[in-house]
Peer 1: 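Once you've had a glance at the structure underneath, I'll fire off some questions.
Start at 1 with the first residue, then count along the sequence.
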Amino acid sequence: MTFDLIVVGGGASGMIAAGHAAEAGLKVLILEKMARCARKLRITGKGRCNITNTATLNEFFNHIAPNPKFLYPAFKTFFSKELITFMENTLKVPVKEERGGRVFPVSDNAQDVVDAFYNWNHVNGVMIKTNTIVRDLLFKDSALAGVIDIENREYYAPAVIMAVGGKSYPLTGSTGDGYPILQRYGHTINPLHPGLVPLVTKEKDVIDLMGVSLKNVSASIYVNGKKKYSEFGEMLFTHFGLSGPIILTLSRIINTFLMPNNTVEISIDFKPALDDETMKARLIREMELNNRKHFEAVLKTLFPGKVVSYCAKRIGVPLDKSVSHITAEERKNLHRFCKDLRFNISGTRPIEEAIVTAGGVDLKEVQQ
């Protein structure tokens with residue numbers, strides 16, 4: 001069969017592109033390597049599907065690296081407001097806005113979004129063929145003529161959209177299949193590395209904090225002792241290091257610093273709302289109020305759960321030491337723990353665990 005357009009990849013991008021093209025009257029085919037389309041979409045937002053964010057365009061750009069202006073023409077045409085309208089009016093999926101401007105379907109079920117994409121494509125006449133791996137583009141007389149799959153079956157169309165994704169979450173189908181195809185036909189492929197990915201610490205005792213989730217804290221990147229970037233919000237300790245929203249955000253640029261001659265650290269400020277002097281006064285007050293108790297009582301006023309025992313071990317003060325016997329130096333160490341707990345970063349988790357893939361097709365070679 002011959003089509004007007006072939007879309008390789010049945011994720012969110014591929015299904016939106018196919019659906020809109022079909023609405024415009026084109027005969028469209030989606031070729032998807034997995035048994036079902038939109039597998040990654042099903043797991044977004046922990047299964048709730050974080051559709052978009054209501055932040056301004058400039059705020060979006062602050063979270064895009066390295067060249068956010070590349071997306072300006074696309075965002076001027078189709079941004080978060082247009083996406084929300086599309087979800088509610090076209091797909092008939094009502095949405096809601098939550099803390100931080102995050103937008104979710106009212107049902108809190110990503111499957112509802114996936115089903116809506118399927119239905120919309122079906123209504124518009126898009127043909128979807130799954131379990132089909134495209135291995136190359138097809139040319140006739142030097143002109144693009146379609147694609148060919150690994151079974152050597154040919155699919156014809158004068159236009160092809162490669163919406164095959166990166167290399168993150170390979171179980172959903174993103175295994176980097178598109179890069180060698182595009183490179184074969186002249187595209188420059190920049191080195192791939194994980195973007196939005198948990199960080200691995202050199203300190204193995206971080207496992208003692210595994211599962212601890214922190215809110216309203218600040219995390220900063222230090223390179224060779226100099227502060228580079230900071231983020232405020234939520235984070236999580238894991239068995240290998242650090243994760244959570246602000247850590248993932250910082251991971252976008254931390255790869256640029258992870259070189260043999262650099263010392264890269266993450267500093268955690270448990271009390272970013274308190275400046276140094278206010279923090280010192282807070283510690284003095286807590287020590288006075290708990291003067292007849294053990295040091296553990298003071299720590300419980302400052303930290304949640306596992307952080308209490310971890311702090312005592314990290315600064316070398318027994319939990320059962322009398323508060324009245326805490327020295328000025330020990331109080332100073334506690335202050336440093338509260339405001340500047342450092343972890344040495346040895347690397348990131350593998351690209352397969354990243355939320356997005358950094359690198360890929362050189363943007364200078366993409367026309368808009």
Side-chain angles (χ1 to χ4, degrees), residues 8-9 11-14 39-41 43-45 50 52-53 55 57-75 161-184 186-201 219-223 228-231 233-236 238 240-262 264-266 343 345-368:
V8 183
S13 297
R39 291 191 63 175
K40 189 177 290 185
L41 189 61
I43 63 175
T44 58
N50 187 183
T52 187
N53 193 288
L57 183 59
N58 286 335
E59 289 177 292
F60 260 77
F61 281 174
N62 288 335
H63 293 277
I64 299 172
N67 181 20
K69 291 184 179 179
F70 171 80
L71 290 170
Y72 186 79
F75 281 169
I161 293 177
M162 297 290 287
V164 293
K167 288 193 69 174
S168 60
Y169 286 94
L171 292 178
T172 66
S174 298
T175 53
D177 296 351
Y179 298 120
I181 296 175
L182 296 173
Q183 191 172 38
R184 196 175 300 141
H187 273 293
T188 301
I189 305 300
N190 294 320
L192 306 178
H193 56 89
L196 302 182
V197 66
L199 302 177
V200 180
T201 63
S220 304
I221 298 175
Y222 280 79
V223 180
K228 297 294 184 179
Y229 297 93
S230 294
E231 288 289 334
E234 301 178 16
M235 64 165 289
L236 172 72
T238 69
F240 53 77
L242 313 174
S243 188
I246 60 176
I247 298 299
L248 297 179
T249 299
L250 290 174
S251 75
R252 293 181 306 136
I253 45 85
I254 207 165
N255 268 301
T256 61
F257 300 121
L258 288 171
M259 294 180 281
N261 295 328
N262 283 345
V264 181
E265 300 170 291
I266 290 287
F343 290 94
I345 304 303
S346 61
T348 69
R349 295 295 285 177
I351 194 170
E352 290 79 12
E353 297 180 25
I355 294 176
V356 298
T357 303
V361 175
D362 195 313
L363 297 184
K364 295 191 292 291
E365 301 170 358
V366 179
Q367 297 178 350
Q368 295 194 70

Peer 1: Quick check for you: to the nearest 0.5 Å, what is the distance between Tyr229 atom OH and Ile254 atom CD1?
Peer 2: 11.5 Å
Peer 1: Once rounded to the nearest 0.5 Å, what's the spacing between atom CD1 of Ile64 and atom NZ of Lys69?
Peer 2: 13.0 Å
Peer 1: Can Ile345 and Leu242 be said to form a side-chain contact (heavy atoms from CB on, under 4.5 Å), step by step?
Peer 2: CA-CA 9 Å; Ile345 304 303; Leu242 313 174; 4.3 Å; yes
Peer 1: For residues 164-173, dump all side-chain donor-acceptor pairs below 3.5 Å to protein atoms at least two apart in sequence or in another chain.
Peer 2:
unit_1: Ser168; atom_1: OG; unit_2: Ala354; atom_2: O; d: 3.4
unit_1: Ser168; atom_1: OG; unit_2: Ile355; atom_2: O; d: 3.4
unit_1: Thr172; atom_1: OG1; unit_2: Tyr169; atom_2: O; d: 2.7

Peer 1: Can you sort out the partners of Lys364 under side-chain hydrogen bond (donor to acceptor under 3.5 Å, both in side chains), two or more places apart, ordered by chain and number?
Peer 2: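 Testing Lys364 for side-chain hydrogen bond (donor to acceptor under 3.5 Å, both in side chains), a comparison that skips the adjacent residues, returns Asp362.
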Peer 1: Show the nearest heavy-atom pair for residues Phe343 and Thr201, with the distance to one decimal.
Peer 2: CB-CG2, 3.9 Å
Peer 1: Please report the shortest heavy-atom distance between Phe257 and Val264, naming the atom on each side.
Peer 2: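 Shortest heavy-atom separation between Phe257 and Val264 comes out as O-CG2, 3.4 Å.
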Peer 1: So do the side chains of Pro198 and Thr348 get within less than 4.5 Å of each other, counting heavy atoms only?
Peer 2: no
Peer 1: Other residues, nucleotides and ligands only: do more than 12 of their heavy atoms fall within 6.0 Å of OH on Tyr72?
Peer 2: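 No - once you tally the heavy atoms of other residues, nucleotides and ligands closer than 6.0 Å, there are 12 at most.
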Peer 1: Would you list the pairs meeting side chain to side chain donor-acceptor pair (under 3.5 Å) in which at least one residue belongs to residues 242-252, sequence neighbours left out?
Peer 2: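 Counting only pairs at least two positions apart or across chains, no side chain to side chain donor-acceptor pair (under 3.5 Å) contact touches residues 242-252.
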Peer 1: Measuring from Ile221:CD1 to Ile253:CD1, what's the distance to the nearest 0.5 Å?
Peer 2: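 CD1 of Ile253 is found 3.0 Å from CD1 of Ile221.
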Peer 1: Side-chain contact, heavy-atom cut-off 4.5 Å: Val197 with Ile351?
Peer 2: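 Result no, sub-4.5 Å side-chain heavy-atom pair not found.
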Peer 1: Quick one: which of Glu234, Glu231, Met235 gives a side-chain contact (heavy atoms from CB on, under 4.5 Å) with Ile247?
Peer 2: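 Exactly one option meets the side-chain contact (heavy atoms from CB on, under 4.5 Å) with Ile247, and it is Met235.
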Peer 1: Under the rule for side-chain hydrogen bond (donor to acceptor under 3.5 Å, both in side chains), what residues qualify as partners of Glu353, not counting sequence neighbours?
Peer 2: Arg349
Peer 1: Please name all residues satisfying side-chain hydrogen bond (donor to acceptor under 3.5 Å, both in side chains) with Asn262, sequence neighbours left out, ordered by chain then number.
Peer 2: Asn224
Peer 1: So, using side-chain hydrogen bond (donor to acceptor under 3.5 Å, both in side chains) as the criterion, who are the partners of Thr188 when residues are at least two apart?
Peer 2: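 Applying side-chain hydrogen bond (donor to acceptor under 3.5 Å, both in side chains) to Thr188 gives Glu365.
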Peer 1: Output the distance between atom OH (Tyr179) and atom CD1 (Ile189), rounded to the nearest 0.5 Å.
Peer 2: 7.5 Å
Peer 1: Is a donor on one side and an acceptor on the other found under 3.5 Å between the side chain of Asn50 and the backbone of Thr52?
Peer 2: yes
